[in-house]
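Notes to accompany the following structure.
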Amino acid sequence: MLTVRSRKIPFSKPAFRGHELTYLRQVLESGEIKGGGRFSHACEALLESSLQVPKALLTTSCSTALDLAALLLDIVPGDEVIMPSFTFPATANAFVLRGARPVFVDLRPDTLNMDTDIIEPLITPRTRAIAAVHYGGVACDMDALNATIERHGIDLIEDNAHGPFCRYKGRNLGTFGRMGTLSFHETKNYTTGEGGALLINDPGLIERAIIMRDKGTNRDQFQRGIVPFYHWVDAGSNFAPAEAIAAILLAQLEQREEIQACRRSIWEYYHLNLSDWAAAHGTVMQFVAPHCEQSYHVFYMLLPSKAGRNALLSHLDEHGVNATFHYSPLHLAPMGARYGYLPGQLPVTEMVNERILRLPFYNSLSRDEQDYIIETIRGFCFS
Ligand SMILES: *Cc1c(COP(=O)(O)O)cnc(C)c1O
């Protein structure tokens with residue numbers, strides 16, 4: 001039998017299962033520890049071939065990949081960028097740092113993605129781009145988004161922090177927009193602690209992206225023998241990670257099928273064993289349309305009320321299970337208020353914020369731990 005007090009199940013835990021240490025040792029022993037070496041190139045080549053993307057550039061995080069995307073779009077003060085409020089501040093920061101105004105759009109309650117039916121009225125002559133987030137690696141309605149950006153001649157950037165190797169109608173997420181971004185943060189499916197990548201689908205942006213990532217210099221052209229010297233040729237910064245990060249990442253990416261299979265089995269076990277409980281308690285589980293291949297990044301449920309959600313969170317906590325809610329909506333944050341947003345403006349986002357509960361989810365979560373979490377939920381009584 002399971003004992004209650006001895007249990008301590010964290011929400012998230014990084015897992016290493018491949019050649020991380022072997023590759024790290026190779027980097028350290030080679031002495032070539034700055035960025036842009038063998039492991040960085042191997043990661044970028046792997047991402048390009050497996051995702052079918054013209055160019056992948058490793059960055060120090062998804063946040064800096066978004067910063068680089070905003071620089072490449074030449075976002076200027078006064079521009080507007082449409083995005084969900086239910087996301088990490090990084091989605092907004094990249095554009096806000098260039099002086100743009102974030103325009104928040106509400107969610108669909110079934111996928112927690114942007115509601116594409118209500119985007120059109122938000123588009124103005126100042127709208128430059130839509131920054132889409134594929135929540136939990138489940139795609140936004142890409143047919144609708146594509147139609148909208150084409151009709152208005154604006155850009156699409158995909159913040160695909162949750163969904164590397166996920167697909168919409170067979171096509172990889174991150175390859176629909178002009179650019180897409182990935183995160184390899186500690187809490188994501190593939191992790192290097194901090195890390196990210198910029199996926200570039202518009203070949204016309206590649207050369208400039210490489211320059212901007214490399215402190216605004218054309219050093220890459222110099223190294224390829226195209227120019228005799230390298231200079232400061234554009235505005236830029238240092239967005240590339242060190243080789244040690246790329247070494248960890250390569251080991252993880254090489255194991256992507258095993259990692260994905262492991263997460264899928266965890267997700268399906270929760271789903272199978274909680275469906276009847278959820279239905280009996282007015283609780284809605286994650287919806288994944290058949291044409292979406294997801295990343296199994298999160299397992300969430302929408303409880304019938306905020307009080308019920310909070311009571312279940314406390315119940316799980318008392319039993320040593322660290323479940324949690326998710327993003328604090330950007331429009332309700334102090335920065336959102338600075339842009340004039342008020343509570344009540346995005347009702348679905350606010351409902352989700354009050355009712356979402358995410359269960360512990362990490363690659364090494366055992367069946368025994370999952371059984372304990374499921375039993376603990378089943379033992380909870382709504383008052
Ligand atoms: C985690 C996350 C980010 C930030 O990723 P970092 O790699 O930590 O910068 C951005 N957007 C979304 C949707 C995220 O979940």
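Numbering of ligands and ligand atoms starts at 1, following listing order.
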Any chance you could pull the hydrophobic cluster mates of Ile33, using side-chain heavy atoms under 4.5 angstrom and chaining through other members?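 When side chains under 4.5 Å apart are linked, the cluster holding Ile33 also contains Tyr23, Val27, Leu28, Phe39, Leu46, Leu47, Leu51, Val53, Leu58, Phe165, Leu182, Phe184, Tyr190, Leu199, Leu249, Leu250, Leu253, Ile259.
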Could you work out the complete set of other residues in the hydrophobic cluster of Trp232, with links drawn between I, L, V, M, F, W and Y side chains under 4.5 Å apart?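 Besides Trp232, the cluster holds no residue at all.
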Between Asp214 and Arg219, is there a salt bridge with N-O shorter than 4.0 Å? yes
Under a 4.0 Å N-O cut-off, is there an ion pair linking Asp234 with Lys215? no
Need the list: ligand 1 N/O atoms against protein N/O atoms, distance under 3.5 Å, rounded to one decimal.
from, atom 1, to, atom 2, distance (Å)
ligand 1, 5 (O), Ser183, OG, 3.3
ligand 1, 7 (O), Cys62, N, 2.9
ligand 1, 7 (O), Ser183, OG, 2.7
ligand 1, 9 (O), Cys62, N, 3.4
ligand 1, 9 (O), Ser63, N, 2.9
ligand 1, 9 (O), Ser63, OG, 2.6
ligand 1, 11 (N), Asp159, OD1, 3.3
ligand 1, 11 (N), Asp159, OD2, 2.7
ligand 1, 15 (O), His162, NE2, 2.8
ligand 1, 15 (O), Lys188, NZ, 3.3
ligand 1, 15 (O), Tyr327, OH, 2.6

When you measure from the centre of the six-membered ring of Phe299, is the NZ or CZ of Arg358 closer than 6.0 Å and no more than 45° off the axis?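 Judged by the rule (NZ or CZ under 6.0 Å from the ring centre, within 45° of its axis), Arg358 is not positioned above Phe299.
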All N/O donor-acceptor pairs, side-chain side in residues 123-145, below 3.5 Å, sequence neighbours left out:
from, atom 1, to, atom 2, distance (Å)
Thr124, OG1, Glu80, OE1, 2.9
Thr124, OG1, Arg126, N, 3.0
Arg126, NH1, Gly78, O, 3.0
Thr127, OG1, Thr124, N, 2.8
Thr127, OG1, Thr124, O, 3.2
Arg128, NH1, Asp74, O, 3.2
Arg128, NH1, Asp79, OD2, 3.0
Arg128, NH2, Leu73, O, 2.6
His134, ND1, Cys140, N, 3.1
His134, NE2, Glu158, OE1, 2.8
Tyr135, OH, His326, ND1, 2.6
Asp141, OD1, Asp143, N, 3.4
Asp141, OD1, Ala144, N, 3.1
Asp143, OD2, Tyr168, OH, 3.2
Asp143, OD2, Lys169, NZ, 2.4

